[in-house]
Every structure is written in C-alpha cells, then in structure tokens.
S.K.: 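Got a structure for you, questions after.
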2 protein chains.
Amino acid sequence: MGRYGVPMQTSSTRDRIVVAASRLLQRQGYVGTGIKQIAQESQATLGSIYHFFPGGKEAVAVAAIEHGAEEFAALLRTALEGHDDPAEAVAACSRRLAEELGASGWTDGCPVTAAALETLGTDSQIQRACAAALRGWEELVADKLLRGGLSARDAREVAVTVMAALEGAEVTAQVSRSAEPLHATGRQLARLVRSYGIPPRG
Amino acid sequence: MGRYGVPMQTSSTRDRIVVAASRLLQRQGYVGTGIKQIAQESQATLGSIYHFFPGGKEAVAVAAIEHGAEEFAALLRTALEGHDDPAEAVAACSRRLAEELGASGWTDGCPVTAAALETLGTDSQIQRACAAALRGWEELVADKLLRGGLSARDAREVAVTVMAALEGAEVTAQVSRSAEPLHATGRQLARLVRSYGIPPRG
DNA sequence: TCCTCGCTAAAACGATCGCTCTATCCAGTG
DNA sequence: CACTGGATAGAGCGATCGTTTTAGCGAGGA
C-alpha cells in the first residue's frame with residue numbers, strides 16, 4: 001500500500017526489485033545475474049535490496065522465482081479456461097506461450113528453467129521454489145484434464161507430459177528463434193489428449 | 001597419439017579439457033563454470049587451455065558443447081536402433097535417459113539446455129552450437145519415424161515434439177530428483193507415435 | 001651439442017562479484 | 001521541537017572472474 005492509503009501506481013521499491021529480478025533471472029539465469037544489475041534495473045540501491053532481503057542474492061532470487069511462477073500460472077489458467085475441450089485448451093497454452101515469447105524477442109521463456117538447472121547440485125531454496133512451481137503448473141493442467149473426463153491416473157501422466165513438452169518446446173523455440181516448435185508441439189499434444197476420447201458435454 | 005606411438009590410455013590434454021568442460025557445463029551452465037575450474041578438473045593448466053583454445057572460454061565451451069551433443073546423439077542412436085517399432089524406440093530413449101540421469105545423481109542432464117538458456121540474448125557461437133545440436137537430434141528421431149511409416153510432414157512435427165518433451169521431462173526429472181517424469185513422458189510419447197498407425201512389417 | 005618449438009606452468013592484471021558498513025534522509029510520534 | 005526507526009545511498013571489503021604475460025620444460029632435427 002502506497003502513500004495516501006491508496007495502491008501506488010508506481011510499485012513499491014520491494015516490488016520493483018522482485019519484478020526486475022524475475023525478468024533478469026529468466027533471461028540470464030541465477031549466476032549470470034548480479035545484485036548490482038538488479039539494483040540498477042529496478043531503480044533501487046544495494047542498501048534497499050539488502051534491507052528488504054537480508055538473505056542476500058538467494059533470497060531475492062527465491063522471491064523473484066515465486067513471482068515469475070505465479071505469472072506463468074496465470075497465463076496457463078487463462079489459456080486453459082478459454083476452452084471447454086481439454087485438447088483445445090492445451091493447444092491454446094502453447095499458442096499463448098508462442099505469442100509472449102515472440103513479443104519478447106525470444107528472450108523471456110520459462111521463468112524457472114534456467115535458474116533450476118544452475119542450482120541442481122545444491123540444496124538451495126531456489127531448487128525448492130522451482131520444484132514447487134513445476135508441481136503447481138502440472139496441477140493446473142491435470143485439473144483441466146480431469147474435468148475433461150480423463151481418469152486421475154491418465155490426467156496426471158498426461159499433465160506431466162504436457163508441461164514437459166511445453167517447457168522443452170519453449171527452449172527449442174528460443175534457441176531457434178521461431179514459434180514453430182511451440183505450434184507443432186501444441187498440435188501434437190492436442191492430438192495426444194484427444195486420443196483419450198472426449199465424453200460428450202451435457 | 002601418445003608416447004611409444006600407441007594411443008594413450010589417458011587422453012590427450014586437449015581431450016581432457018573438452019571432456020571436463022562438457023561435464024561441468026551441463027551441470028553448472030556457462031557462466032557458472034570458471035576457466036580455472038575446468039583447468040583443475042581436467043588436470044590441465046591455464047596455459048594449456050589458452051594454448052589449445054586461443055578463443056578463450058567461449059571457444060572451450062563450443063568444443064565442449066559439440067562433444068556433449070555427439071555423446072547425446074550416440075545415446076539416442078543406440079536407443080532408437082534397438083527397436084523396429086518407432087513407438088517403442090521413442091520409449092526406449094526416455095528409459096535410457098532416465099538410467100543415465102539417475103546414475104549421475106540427477107545432475108547430468110541435457111548437455112546444451114543450460115548453456116543455451118544463458119546465452120540467449122547474445123549472438124555467441126555457443127548459441128549456434130546449441131541450435132545445431134537440437135536440429136541434429138530432431139533429425140535422428142525424424143528419420144526413425146520416417147522409416148516407421150510416418151509421412152515426412154508428420155515425422156518432422158512429431159520429432160520436434162518428442163525432443164522437446166524429452167528435454168522438458170529431463171529437466172523435470174532433475175528438479176524432482178525422480179525418474180518418473182521421464183517414464184511417464186516416454187509412455188505418452190509412445191502412445192502419440194502409435195496414434196499414427198504402424199504399417200505391418202514385411 | 002645446440003636450437004627450435006609444441007606444450008606446460010604460474011604469477012599477476014584489471015574488472016567485477018556478493019556483501020558489509022556507515023551515513024543520511026524523512027515521515028511519524030511524544 | 002527532538003527523537004526514533006524504516007528506508008535509501010554509496011564507498012569499500014576480500015574474493016574470484018577471464019585473460020595476459022613471461023618463464024621453463026623436454027623431445028626431435030641440424
């Protein structure tokens with residue numbers, strides 16, 4: 001809450017730090033992003049960052065990853081809710097991802113993959129935050145498939161596959177600077193979902 | 001060639017550098033891996049590294065990524081060749097990946113993903129090496145699908161999906177420290193391939 | 001024997017890393 | 001008004017980064 005008791009239009013310093021760190025992390029990874037760069041990009045100073053995040057760089061990264069994970073989940077939710085047919089819903093996810101990725105110039109992909117891969121050996125909080133994000137996304141897809149008529153067992157296994165394929169397709173799209181991998185994967189995932197049969201909607 | 005004119009059992013210095021760099025890159029990414037760490041791990045010195053790779057860290061990384069990409073391609077090739085049915089062949093790939101990943105303690109995943117994500121914004125040679133690796137792997141899968149009876153168009157699109165899903169599933173498996181994402185994805189990819197119908201084998 | 005040259009060895013450079021520290025600012029309270 | 005405490009500002013710490021530089025090693029040719 002900002003001054004005058006109303007929500008501030010320009011975010012609070014803490015929010016600016018989290019948002020800037022989130023964007024930088026998904027573009028350059030954890031080790032590739034410096035605290036001073038976060039300070040510069042968020043119009044904050046080192047003092048402010050260490051004031052709000054006494055845990056240092058890792059604490060900033062955890063908050064940033066949680067923020068990015070929620071943004072990504074919101075994108076998935078709206079794409080999934082736009083269609084009753086789960087197969088079309090899954091395809092819509094890949095289309096939305098392709099739009100966002102292309103609009104960012106192929107730089108802003110999955111907000112956790114890069115950070116997750118860099119901190120694999122460690123037992124850092126970053127690891128846990130990334131794992132939690134993945135589980136949450138899978139659950140969103142699994143719920144949609146469940147409501148679409150798949151069994152609990154099938155829904156979970158297909159959801160794991162869908163999220164894995166979307167992540168991989170996004171990386172492929174970034175590397176090849178083309179939306180085609182995401183579109184192709186979306187079509188094939190829709191076909192996979194359809195292969196489980198869609199009960200007629202009452 | 002080593003001394004006595006016979007191939008050396010312990011590789012040449014240059015090979016040791018490439019192999020060590022490849023393993024470090026896939027575990028810690030590009031920025032997370034230091035030249036001095038590569039020197040220590042490969043039992044070489046800075047002088048040797050800069051002698052064989054005047055291009056510095058980036059040149060070492062390119063050679064290391066090409067090495068890792070070929071290793072990965074070899075794994076895919078043997079897994080694909082083990083089965084006539086392309087659906088079973090794809091499932092075999094995910095099983096082999098799960099074996100290797102588990103044996104490494106969930107640390108040695110795809111040898112290019114981490115490095116690729118870190119160098120996205122740049123126009124470095126690393127980018128190009130990663131893109132080439134992905135294309136090569138896709139081609140291996142596409143060839144198998146073609147020989148399995150899929151049309152050229154279907155084979156390419158399914159191959160893109162298979163490689164994306166395998167990469168994503170490997171990341172998921174690493175983060176969750178479990179082989180299950182790879183196994184589930186393998187089963188679903190086999191189902192997807194089977195949905196294109198298998199012509200009876202003569 | 002001497003010289004060459006591919007290769008190894010390590011000291012040292014400037015830059016940047018994450019982080020600590022002290023100083024200052026400013027709205028709220030008595 | 002003085003005082004307090006959250007928030008900001010930035011200089012500076014030791015460490016490490018990628019790289020350069022210079023010196024030394026040892027096998028092969030003249």
S.K.: Given Y30(B), which of I126(B), I65(B), L117(B) fulfils the side chain to side chain contact (heavy atoms under 4.5 Å, CB included) condition?
M.R.: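 Of all the options given, the one that passes is I126(B).
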S.K.: Please report, rounded to the nearest Å, how far the P atom of dA7(D) is from the CZ atom of R16(A).
M.R.: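 In whole Å, dA7(D) P and R16(A) CZ are 13 Å from each other.
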S.K.: Can you check side-chain hydrogen bond (donor to acceptor under 3.5 Å, both in side chains) on Q125(B) and E58(B), steps first, answer last?
M.R.: CA-CA 8 Å; Q125(B) 300 269 30; E58(B) 181 168 332; 5.8 Å; no
S.K.: Taking CD from Q28(A) and C1' from dT16(C), how many angstroms apart are they, rounded to a whole number?
M.R.: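 Rounded to whole Å, this separation is 14 Å.
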S.K.: What is the separation between atom CZ on F53(A) and atom P on dG18(C), rounded to the nearest whole Å?
M.R.: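 So the CZ-P distance, F53(A) to dG18(C), works out to 15 Å.
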S.K.: Does a nitrogen or oxygen in the side chain of T13(B) sit under 4.0 Å from OP1 or OP2 of dT8(C)?
M.R.: yes
S.K.: Tell me if a side-chain donor or acceptor on T185(A) pairs with a main-chain N or O of L182(A) at a distance below 3.5 Å.
M.R.: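 Absent.
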S.K.: Taking the basic N atoms (NZ, or NE/NH1/NH2) and the acidic carboxylate oxygens, is any pair closer than 4.0 Å for R23(B) and E41(B)?
M.R.: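 Yes, this pair counts.
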S.K.: What's the CD1-C1' distance between I49(A) and dG10(D), to the nearest Å?
M.R.: 13 Å
S.K.: Could you check whether atom CZ of R156(B) has more than 12 heavy atoms from other residues, nucleotides or ligands sitting under 6.0 Å from it?
M.R.: no
S.K.: Kindly indicate whether a cation-pi arrangement holds for R191(B) with Y196(A), taking the cut-offs as under 6.0 Å to the six-membered ring centre and within 45° of the axis.
M.R.: yes
S.K.: Starting at atom NE2 of H51(A), determine the distance to atom P of dT20(C), rounded to an integer number of angstrom.
M.R.: 15 Å
S.K.: For nucleotides 12-24 of chain D, give me one character per nucleotide, 5' to 3': B if any protein heavy atom sits under 4.0 Å from the base, S if the only such contacts are to the sugar-phosphate, - if neither.
M.R.: B----BBBB----
S.K.: Looking at S48(A), I'd like to know whether one of its side-chain N or O atoms comes within less than 4.0 Å of OP1 or OP2 on dA7(D).
M.R.: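 False: S48(A) side-chain N/O out of range (4.0 Å or more) of dA7(D) OP1/OP2.
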